Amino acid sequence: MIKYTSQLIALFLFFFCFESSSKTPASKFQTKSFAELPAKLEVYKKAVLATYDLKLLPNLKALEQEAASVNNAKVQAEALLLVALLKHRYGDYKESLTLNQQALDIAVELADPALLISVYLSIVHLEVSLERFKQASEKMDKITLLVNQLPKVSILRAKVCLWKARIYFSKGSYLQALYVLDDALDKPNMSKSIYIELLIEKAKVKLEMGEHIAAQDLIDQISQYNSDSQFHHTKLMVKVLQAKTYLQAGLFAKAILTAQDGLQSTFHTRFLEEQAQLQHTLAASFAQIQDYQWAHLYLKRYAFTQKALDLQKRNNKLLQLEARFDFDQQRQQLSLLEKDNALKEQQITQQMQAIENTALLQQRVILLVVLFFTLLFFIYWRWQNKRTLKMLEQQVAQRTQELAIRNKQLQALSYTDSLTGAYNRHFLFTHIDEYLPTEMMTESTIMCLIDIDFFKRVNDTYGHSAGDTVLKSFVTVLKQTIRQNDVIIRWGGEEFLLLMPNISRDAAAEILERIRANIESFEFKDNNKRIPVTASFGFTPFPLQRNSALLDWEQTIELADLCLYLAKNGGRNAWVGITEAKFDKAFKAEDIVNNAKQLIEQGNLKAISNREEFVNTMIN
């Protein structure tokens, strides 16, 4: 016993000396990192607002971890808000809600009014996107109480007014939105970016009220600022407003040119809402000049984009409810486990007290008898204690395993389309890096977009229930035909994305032809009625040029979408793919995507199809 006590004292002294010798250098390093973090945060904040690029996620997560390590809670919370904004922009509402909640916990602990308002505004943005206006209004009431603690001239005050106006606008209260916006625009010493956002919001309200002349004046005010310094999203919103203004003014040709110019920069999934508005404007403009073919094309694209947005919102509302239900259930289980553990500890304490009382009583009777029974009871107590602890450990392990299974089930639900059983876009954004070529792979990854031909006709003729049956059977046929490591993703509506990693271009063409033939010959039935179904395919390899990264994976999918368009435009029930790129000079990625058809005609891009007349028509 004396030996163990001396060793414990020596260990304590060593630890104390080590802490004293290393305290000063660690403090200097921590102070330096603490001071550098706000500047680094501002750089990332500008980058996020300028590009909304997912490549910034690792840097933001590293910044959040660094801030946590040096106890800079404010920078940690703001880094979480930036990650939540990126997740929100790409449709991962559930993860965005979790990150906002983490930031809110930090802000409440700091009791910082400005930080609390920023977090609540981020949550309001999320609630408005999910069309939960009641919850958004409740958060705005909390913000109103906090605003009184801010200086009279504050950027956050202007942001609060901006989101009040957006909520009124979303609910159709245009006059109330105008009142809030005019009051905010009259405030002095406002930052340039917030002032432009207020002007944009006011122009949107004016357009909804049919006052296109007033809207044009506001757009002209925005144009007076240096457009090169504006963020990409701000420029895009100005394009959307300008196109709508021209449409209301009857300048249909200008509306078409402006909207088409805006569409050139909306291919990324981060701007689906703006893309839908521009497509709707184009459809209305072409309809006004009686060019119904283009009007129908853009109206159809608008419908596809809007369906994708609606499906995304509906799925995320469901996931949000499931996440809250699982969270409450897990919290209840943990509470029961804590009560059970407390009861066990109380019982053990009572047992120990009984043992001590018995030992004292026996010592008064006879020393030898007391020693004998004390030893015997001590042995029994140790056995009983180990047995009880073992049972508790088993219960904790069992409940931990149950929680892990529930978490895996929830993750599977968030990655899977509820109707067809295929993966969804959330799965793609999370796991895309696992399917891109690596040094271990000898071949490219084929990205193929598949669209069911005349699916609207199926819904109109046989009913939406039959359409759902066709979608389920369609995915079943795909899974029976593709390879084991290939992945099917529901891209939106009746459109699917097929990822085929580590496969040659010729082998991919053979598989796609087999899929096309299987779909054409498969008997799709609903209520014993046969439904004829065919599909069109467009595919592109990644990387496009061997040993050279000309396009990123998003641009590769855009190029595959063009091939799908060529297949459908050529008569459907066909596949078209780009297999090779040959360039004598350097081309930008945007130029390759935007001018792909011309590059095919010039021979810079090699296209193949199961119908040779498609390729011959493009070349000749």
Side-chain angles (χ1 to χ4, degrees), residues 117-118 120-148 150 152-225 227 230-231 233-251 255 258-259 262 273-274 276-278 280-281 284:
I117 290 174
S118 298
Y120 279 133
L121 287 177
S122 180
I123 297 174
V124 167
H125 188 186
L126 186 65
E127 300 289 2
V128 171
S129 298
L130 290 171
E131 301 176 353
R132 293 161 52 90
F133 303 120
K134 180 180 178 181
Q135 289 78 356
S137 299
E138 292 174 355
K139 295 297 186 300
M140 290 303 300
D141 293 338
K142 295 182 179 179
I143 292 172
T144 303
L145 297 175
L146 293 169
V147 165
N148 297 327
L150 297 177
K152 291 185 177 181
V153 180
S154 171
I155 295 177
L156 276 178
R157 283 181 177 268
K159 284 186 177 180
V160 171
C161 292
L162 177 63
W163 276 105
K164 283 183 178 179
R166 285 175 175 170
I167 293 174
Y168 284 136
F169 176 80
S170 300
K171 295 163 64 175
S173 302
Y174 303 132
L175 292 179
Q176 287 181 296
L178 278 178
Y179 175 79
V180 174
L181 290 169
D182 289 336
D183 183 61
L185 288 168
D186 291 336
K187 304 293 183 185
N189 301 324
M190 189 182 304
S191 69
K192 178 181 175 182
S193 59
I194 295 298
Y195 187 75
I196 291 176
E197 286 191 53
L198 289 169
L199 290 177
I200 289 175
E201 198 65 25
K202 186 174 180 180
K204 287 168 60 178
V205 175
K206 290 292 185 182
L207 282 174
E208 288 296 323
M209 298 175 67
E211 300 178 15
H212 63 85
I213 297 176
Q216 184 62 57
D217 292 337
L218 292 168
I219 294 172
D220 293 338
Q221 290 183 45
I222 298 171
S223 301
Q224 291 175 2
Y225 290 87
S227 61
Q230 295 177 6
F231 294 144
H233 183 250
T234 302
K235 294 180 181 179
L236 183 58
M237 283 304 305
V238 173
K239 289 284 186 183
V240 172
L241 293 174
Q242 186 67 75
K244 289 184 176 181
T245 303
Y246 284 145
L247 176 62
Q248 285 193 12
L251 303 175
T258 305
E273 293 183 0
E274 291 77 13
Q277 294 182 52
L278 290 169
H280 186 270
T281 302

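Here the structure is a predicted model, which is why all the values come from computation and not from measurement.
Going from atom CD1 of Ile117 over to atom CG of Leu145 covers 10.0 Å, rounded to the nearest 0.5 Å. We find the CD1-NZ distance between Ile219 and Lys239 to be 11.0 Å, quoted to the nearest 0.5 Å.
Residues forming a ring-ring contact (aromatic ring centres under 6.0 Å, His included) with His280 (at least two apart in sequence, or on another chain): Tyr302.
Of all non-hydrogen atoms in Leu247 and Ala284, the two that sit nearest each other are CD2-CB, 3.8 Å. Nearest approach of Ser137 to Ile167, heavy atoms of both residues: OG-CG2, 4.1 Å. Between Thr258 and Ala243, the shortest heavy-atom contact is CG2-N, 3.9 Å.
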Using a 3.5 Å cut-off and no angle test, enumerate the donor-acceptor pairs between side-chain atoms of residues 200-213 and protein atoms at least two apart in sequence or in another chain.
residue, atom, partner, partner atom, Å
Glu201, OE1, Arg166, NE, 3.3
Lys202, NZ, Asp182, OD1, 2.7
Lys206, NZ, Glu211, OE1, 3.0

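Between the side chains of Asp220 and Gln216, a donor-acceptor pair is found at a separation under 3.5 Å.
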